[in-house]
Q: 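Next up is a structure, given as C-alpha cells.
Residue indices begin at 1 and follow the sequence shown. All values reported here derive from a predicted model rather than from experimental measurement.
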Amino acid sequence: MPELPEVEVVRRGLSTHVEGRRLTSVELRGHRVARRHVAGPEDLAARLAGRRVAAVRRRGKYLWWDLEDDLGLILHLGMSGQLLVEDPTAPDEKHLHARFGFADDGPELRFVDQRTFGGLALTDLGADGVPTTIAHIAPDLLEPAFDRAATVRRMKAKDSAVKRVLLDQTVVSGIGNIYADEALWRAQVHGERPASALTKPRLGALLDHATEVMREALGQGGTSFDALYVNVNGASGYFDRSLAAYGQEGRPCRRCGTPIRREQFMNRSSFSCPRCQPRPRGPRTVRAAGSA
C-alpha cells in the first residue's frame, strides 16, 4: 500500500501535468472504478467533463484534485493503482480503468489498477479545502497544519502499542507499516511499547524520525518492491535500498550487527532489532497489543 512519500511523488507528478488543464472527456471502464459514486460511472464521467483542475492536493495517503466550485475528485490508489501520463495514441494498458482527456490536446492521464482496490470518488470540499469524506483524517507530518505538540499529547494519552498509534490515521496520517518500522528502528523503540509508557520527548523524537525517514524516501522517489508502484512517468522509487528495518529479516542491524527479526503485529509483518529495540515485558504489553 503506498504511504505518504509514494503518494506525494505521484501528487508532484500530477501537479506538473494536470493543474490548470480542463477536462473534456472522461472514460470509465466497468463499475469498480466508480463504485464509491452511487449514481454510477456514466454520471461521474458526465459531472467531471468540462471541469478545470485547479490543484492537486494530498493529506497522508489520500490524493485529490481540487476542481473549484467546492468539489474534489479523490483518486484512491489502493494496493496497485497507477496514474500514468500517456500519449493518446499509446496502446491501452491491460488493466486500464479510466482515461482523462484535456482541452489542450496534450498528453492524457490514465488510471491503471491491476488489483482493482483503487477508484475515483467525487466529494464536497470543506472550508479548509480537504474533502469532507476524509475530514476525520489527521494532518500528516509534512503539511503546515501538523501540530507536533498536540500529536504528542494524543499519543501519550493512549495505552495502545506505539506502532498501532503511529498507524492510526486519526492521530497522524500518512505513516504505514514500512515507515513506522523505520521510524521505530531509528528511535530504538519496540513497536509494542505502550505509547503512554513513553515520555513526551521520546514520542516527539519518534515523530521527528518518522518525518526524517519520509523526507529521505521522497528524495529517492519512494519505496518500490515491485512494478506496481510507479510515478506518473512509470518510474519506480528506490528507497527500498536504504531501509534499515523493514524487510531486512536476518540481515545485520546497521547499528549493532544483531540480525533483524520479523514478528507478527496487527496481521502484518513487523521488523526490528532485538538488541536496539528490546521487547517490553509484563502484563501491560498484552493489554497494549490487544487494545484498539
Side-chain angles (χ1 to χ4, degrees), residues 1-15 17-23 26 28 30-79 81-83 97-98 100 102 109 111 113 116-148 150-151 153-155 157-158 164-176 214 232 292:
M1 178 74 74
E3 300 181 28
L4 186 156
E6 291 75 48
V7 178
E8 176 61 14
V9 167
V10 173
R11 188 203 68 79
R12 292 179 181 182
L14 282 178
S15 177
H17 287 282
V18 306
E19 280 189 358
R21 301 178 75 191
R22 191 170 300 278
L23 291 161
V26 179
L28 303 178
H31 287 271
R32 283 192 61 81
V33 69
R35 63 189 178 277
R36 297 176 179 87
H37 188 74
V38 177
E42 294 82 6
D43 180 80
L44 177 57
R47 294 186 66 185
L48 290 174
R51 295 187 182 274
R52 177 178 172 272
V53 182
V56 183
R57 306 190 188 280
R58 179 195 54 76
R59 167 163 286 185
K61 306 174 188 180
Y62 289 87
L63 179 71
W64 70 92
W65 290 352
D66 182 341
L67 300 173
E68 300 179 314
D69 57 26
D70 296 326
L71 275 180
L73 178 69
I74 295 180
L75 302 113
H76 296 268
L77 296 179
M79 295 287 290
Q82 300 173 346
L83 290 160
H97 292 281
F100 302 89
F102 298 88
L109 184 73
F111 178 65
D113 189 5
T116 67
F117 291 126
L120 312 176
L122 195 63
T123 180
D124 293 326
L125 298 179
D128 57 357
V130 176
T132 55
T133 53
I134 62 169
H136 62 290
I137 300 297
D140 65 60
L141 292 163
L142 301 187
E143 66 178 288
F146 175 68
D147 186 330
R148 181 180 181 274
T151 304
R153 289 194 295 271
R154 286 196 297 273
M155 294 177 71
K158 292 183 176 291
R164 182 186 292 266
V165 176
L166 286 175
L167 298 176
D168 185 344
Q169 303 300 295
T170 66
V171 175
V172 57
S173 66
I175 304 174
M214 288 196 288
V232 297

Q: For the pair L23 and V18, evaluate side chain to side chain contact (heavy atoms under 4.5 Å, CB included) and give the outcome as yes or no after the intermediate values.
A: CA-CA 9 Å; L23 291 161; V18 306; over 6 Å; no

Q: Any chance you could lay out the side chain to side chain contact (heavy atoms under 4.5 Å, CB included) test for L28 and L120, step after step, and finish with the verdict?
A: CA-CA 10 Å; L28 303 178; L120 312 176; 3.7 Å; yes

Q: Evaluate Q169 against K61 for side chain to side chain contact (heavy atoms under 4.5 Å, CB included), listing each step before the verdict.
A: CA-CA 9 Å; Q169 303 300 295; K61 306 174 188 180; 4.0 Å; yes

Q: Starting at CD1 of I74, measure out to CZ of R59 and round the result to the nearest 0.5 Å.
A: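 Answer rounded to 0.5 Å: 12.0 Å.
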
Q: Are side-chain heavy atoms of L48 and L67 found at a separation under 4.5 Å?
A: yes

Q: Side-chain atoms of residues 128-141: list all donor-acceptor pairs with protein atoms under 3.5 Å, sequence neighbours left out, distances to 0.1 Å.
A:
residue, atom, partner, partner atom, Å
D128, OD1, V130, N, 3.1
T132, OG1, D124, O, 3.4
D140, OD1, L142, N, 2.8
D140, OD1, E143, N, 3.1
D140, OD2, R58, NH1, 2.7
D140, OD2, G60, N, 2.8

Q: Could I get the full list of salt bridge (Lys or Arg N to Asp or Glu O under 4.0 Å) partners for D69, not counting sequence neighbours?
A: R51

Q: Decide yes or no for M155 and V171: does some side-chain heavy atom of the first lie under 4.5 Å from some side-chain heavy atom of the second?
A: yes

Q: Could you tell me whether the side chain of H17 reaches within less than 4.5 Å of the side chain of L109, counting heavy atoms only?
A: no

Q: Got W64 and L125 here, is their nearest side-chain heavy-atom distance under 4.5 Å?
A: yes

Q: Are I175 and M214 close enough that some pair of their side-chain heavy atoms sits under 4.5 Å apart?
A: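 In contact.
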
Q: Using the side chain to side chain contact (heavy atoms under 4.5 Å, CB included) rule, take L63 and L14 through it: C-alpha gap first, then chi angles, then the decisive distance, then the call.
A: CA-CA 10 Å; L63 179 71; L14 282 178; 3.7 Å; yes

Q: Do D113 and V33 touch side chain to side chain, with heavy atoms closer than 4.5 Å?
A: no

Q: Where does the angle between the aromatic ring planes of F102 and W65 fall among parallel (under 30°), tilted (30 to 60°) and perpendicular (over 60°)?
A: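 Tilted, since the angle between the ring planes falls between 30° and 60°.
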
Q: Enter the distance from H31:NE2 to T116:OG1 here, rounded to the nearest 0.5 Å.
A: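 If I round to the nearest 0.5 Å, the distance is 14.0 Å.
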
Q: Find the distance between CZ (R11) and CG (L4) and round it off to the nearest 0.5 Å.
A: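 That separation rounds to 10.5 Å.
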
Q: Looking only at non-hydrogen atoms, find the nearest pair between R36 and F117 and report the distance.
A: NH2-O, 3.7 Å

Q: Taking atom types as modelled and ignoring hydrogens, do the side chains of R154 and T151 form a donor-acceptor contact shorter than 3.5 angstrom?
A: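 Yes - a donor-acceptor pair under 3.5 Å links their side chains.
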
Q: Given side chains that start at C-beta, do those of E19 and V56 come closer than 4.5 Å, heavy atoms only?
A: yes

Q: Please examine the side chains of R52 and E68, heavy atoms only from C-beta on, and report whether any two atoms are closer than 4.5 Å.
A: yes

Q: Hey, could you give me the NE2/CG distance between H37 and L122, rounded to the nearest 0.5 Å?
A: 6.0 Å

